[in-house]
2 protein chains.
Amino acid sequence: MAASIKDVAKMAGVSVGTVSRALNGYTDVSEKTRKKIKDISADLGYTPNVSAKNLSSKNNKNVAMIASGLLDEKQTDDFTMALIKGAYTYMNRHQLSIATYAISSEDQKVKGFEEFCREFSLSGALLFGLKVTDKYVENICDSKIPCVTVDIRVEGEQIGSVITDDERAFEEITQYVIDRNHRKLILVYGRKQAMVAKLRYRGFCKALKKNNINIKDVPVLDSNFIETQAYEKTKELLLKKGQDAGSVFICMSDITAFGVARAIRDCGYRVPEDFSVTGYDGISFGRYVEPRITTIDQNVMQKGYEAGKLLDRILKGNATEKTVIVPHSLLERESVRRL
Amino acid sequence: MAASIKDVAKMAGVSVGTVSRALNGYTDVSEKTRKKIKDISADLGYTPNVSAKNLSSKNNKNVAMIASGLLDEKQTDDFTMALIKGAYTYMNRHQLSIATYAISSEDQKVKGFEEFCREFSLSGALLFGLKVTDKYVENICDSKIPCVTVDIRVEGEQIGSVITDDERAFEEITQYVIDRNHRKLILVYGRKQAMVAKLRYRGFCKALKKNNINIKDVPVLDSNFIETQAYEKTKELLLKKGQDAGSVFICMSDITAFGVARAIRDCGYRVPEDFSVTGYDGISFGRYVEPRITTIDQNVMQKGYEAGKLLDRILKGNATEKTVIVPHSLLERESVRRL
DNA sequence: ATGAAAGCGCTAACAC
DNA sequence: GTGTTAGCGCTTTCAT
């Protein structure tokens, strides 16, 4: 049997209460006693049991990253990974513990957010991969449990959000393309119901308007954020219209941009000589894919880091701002030609 | 305040003991009582608290995925993600709960494996990203806590391992290349101390021997599994020797194969016309990178799934075989030319 | 088939 | 500055 607080107390010749106080940094313990207790704890390899702490105290600070869509096998992305890394890095640097749980949209219907937190004694959570239709979105609004949503803005007393200014970012990259004298744009849309897609679309329209390009003239290809779908739609368009289709494909994700570029190649054209292509996301693998696609880098890892930080602040009651916009950056590479 | 077992007991007019038994599927509860209790639990939105369960019972089945190297920001890979997905999928399908924790090599020195499990009341763990030099490797051998290591074989009563037959896989791909009449091979080595690299090297040598190729004649480039390093070393070699360097680069990872291919291109050569290249891993992004590199697919997601399954079995005491070799497959693409 | 009660490891309020 | 003790929510004997 492993050492418990009792063993430490016994060995140190003090009460368990004193051990608890000594180890938790209370000031009303003599330095001498504290030192002795710490030494003995170390000797015994004593580690406080989190479950017991959770039960007895209301001031625990267990946080979790709850990821929806972690179980979906569909599309590969390294978002979740980067996000986890970012969040864990923050927590690690601040000596906080964090664990990741996967909760599918289905699971959310069965067990609410509060129930989940209660079940695992969580005092706060990072929510990632939530869809606007997910049950938790509703749940967290009705709840008082601190949480931070990533990529989706939710209002609430104890709710923070970490987002990218998708609208502005997409306007930026669209403007970038227009600045290189492209006028016949083709938009490769993401998932219909996705909030981010809507925001990016808004930015797109804004840029067009500013430059007097009629949105009606822009062909829109639905990709559902899937590479193969972008590929098919692009191929179809190219087979039908060839270079008359337009001069540049503006994509709502890097993955779909890959599909588009592949279709362009397979139809016998070149990027960027015949068609220009832009992406969005800045996924890490983008650097390996030729031609290297010009894109918006979302800085996902930083997003994770900021999410962790924000939750920490909310938990401590000193979150001045509840919405953090993580700066994006235009990653200029070689997929856009100047006309 | 949320509903506890007491509330349910009170509402149902029974004792807490009965509620506990009813909800945990004990047979010595009348169906009538059980039904009533279940209904009331549902009404109240009652969710058993895991911490309390952990404290009071020794039969808890909390498992965790403990990933070393999750905090490293270095190289991006989608291994960990695929592995997590696989493991979570298994757990999800079998109604088990799992959480992921990140433990750096440094952390392992501070707190041992047993202590960690005790701290979080874990009854078993999946270990991923362990290096042979990591403290936990030693720890798990001295421990009786069930665990499964991925990609590293550890012997022990309660230890399972899920691996790829790296030696055979690497021999296979080497033979594949030789079968296409390549004789002047160049090996791009992984990380010096990595066990997997050693095994792959062994397979490489085996293939050479079988085909009477002298290992002494094969230039070896150290990549440390890093793309840029593979790039630099390749460039250096090509600048010095040009096509005399050899006809094919056999790489110990896909990432390094990307670096090699990039260097080849930058030196004005083409893949596979001037140089052939092979990878290893089967990372999901491989399908987007041109030229598409022929490689060994490790089926990482299945590895995660198998790891979850194996741990489950060990926990239940019915693991017949403690080492699971997940089948790999040769992914033939277009980076190897037949001479 | 069910109730009563001890106890898991710890914290926090209170007493001294 | 330190000891004592009542819980936290649950499981699990032991009675009945």
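Within every chain, numbering begins at 1; the chains are lettered A, B, ... in the order of the sequence lines, protein sequences first and strands thereafter.
- Side-chain atoms of A:Ser57 never come within 3.5 Å of backbone atoms of A:Lys53 as a donor-acceptor pair (strictly under, hydrogens ignored).
- The existence of a salt bridge linking A:Glu306 and A:Lys303 is excluded, since no basic side-chain nitrogen approaches an acidic carboxylate oxygen closer than 4.0 Å.
- Applying side chain to side chain contact (heavy atoms under 4.5 Å, CB included) to A:Gln302 and the options A:Val162, A:Leu83, A:Val326, A:Val324 leaves one that passes, A:Val326.
- B:Val19 comes within 4.0 angstrom of nothing in the nucleic acid, heavy atoms only.
- Considering only side-chain atoms of A:Ser4, the nucleotide from D:dG9, C:dC10, D:dT13 that sits closest is C:dC10.
- Here C:dC8 is the nucleotide among C:dC8, D:dT2, D:dT12 with the atom lying nearest to any side-chain atom of A:Lys6.
- Regarding contacts with the backbone of C:dT11, a side-chain N or O of A:Lys53 is found under 4.0 angstrom from either OP1 or OP2.
- Rounding to whole angstrom units, NZ of residue B:Lys58 and P of C:dC8 are separated by 9 Å.
- Scanning atom types as modelled, no donor and acceptor separated by under 3.5 angstrom connect the side chain of A:Arg34 and the base of D:dG1.
- A:Ser51 has no side-chain polar atom (N or O) that falls below the 4.0 Å cut-off from OP1 or OP2 of C:dG9.
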As a quick check of understanding, evaluate side-chain hydrogen bond (donor to acceptor under 3.5 Å, both in side chains) for A:Thr89 and A:Asn92, giving each step before the final call.
CA-CA 5 Å; A:Thr89 300; A:Asn92 195 54; over 6 Å; no

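- The side chain of B:Tyr26 contributes an N or O atom lying less than 4.0 Å from OP1 or OP2 of D:dT12.
- Here D:dT11 is the nucleotide among D:dT2, D:dT11, C:dC10 with the atom lying nearest to any side-chain atom of B:Ile5.
- Along DNA chain C, the nucleotide nearest to B:Ala52 and the one nearest to B:Val29 differ in position, and the one closer to the 5' end is contacted by B:Val29.
- Following rounding to the nearest Å, B:Leu55 (CG) and C:dA6 (C1') show an atom-to-atom distance of 14 Å.
- Residue B:Tyr46 places at least one side-chain N or O under 4.0 Å from the OP1 or OP2 atom of D:dC10.
- Of the candidate nucleotides D:dT2, C:dC10, C:dA4, C:dC10 has the atom nearest to the side chain of A:Ser56.
- Between B:Leu23 atom CG and D:dT12 atom C1' the separation is 15 Å, expressed in whole Å.
- Straight-line distance from the CG atom of A:Asn60 to the P atom of D:dG9: 12 Å, rounded to whole Å.
- What separates NZ of B:Lys32 from P of C:dA1 is a distance of 13 Å, to the nearest Å.
- Taken from CG in B:Asp134 to OG in B:Ser105, the straight-line distance is 3.5 Å, to the nearest 0.5 Å.
- Among the nucleotides C:dT2, D:dG3, C:dT11, the one closest to the side chain of A:Val16 is C:dT11.
- Atom CG of B:Leu44 and atom P of D:dG9 are 14 Å apart (whole Å).
- Ion pair B:Asp39/B:Lys35 flagged as a salt bridge, since at least one NZ, NE, NH1 or NH2 atom sits closer than 4.0 Å to an Asp/Glu carboxylate oxygen.
- Atom NZ of A:Lys36 is separated from atom P of D:dG1 by 16 Å (rounded to the nearest Å).
- When heavy atoms are screened at a 4.0 angstrom cut-off, A:Asp28 is found touching base atoms of the nucleic acid.
- At D:dG3, one or more side-chain N or O atoms of A:Thr18 fall inside 4.0 Å of OP1 or OP2 (strictly under the cut-off).
- Spacing between atom CG of B:Asn49 and atom C1' of D:dC8 amounts to 9 Å, rounded to whole angstrom units.
- Taking only side-chain nitrogens and oxygens, A:Ser20 comes nearer than 4.0 Å to OP1 or OP2 of C:dT11.
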Between A:Ser143 and A:Glu114, does the side-chain hydrogen bond (donor to acceptor under 3.5 Å, both in side chains) criterion hold? Intermediate values first, please.
CA-CA 7 Å; A:Ser143 155; A:Glu114 287 228 5; 3.2 Å; yes

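- Listed pair B:Asn54 / D:dC10 fails the phosphate criterion, with no side-chain N or O lying under 4.0 Å from OP1 or OP2.
- Residue A:Ser57 places no side-chain N or O under 4.0 Å from the OP1 or OP2 atom of D:dC8.
- The phosphate of C:dA12 (OP1 or OP2) has a side-chain N or O of A:Asn59 nearer than 4.0 angstrom.
- The side chain of A:Arg21 sits closest to D:dT2 out of D:dT2, D:dT11, C:dT2.
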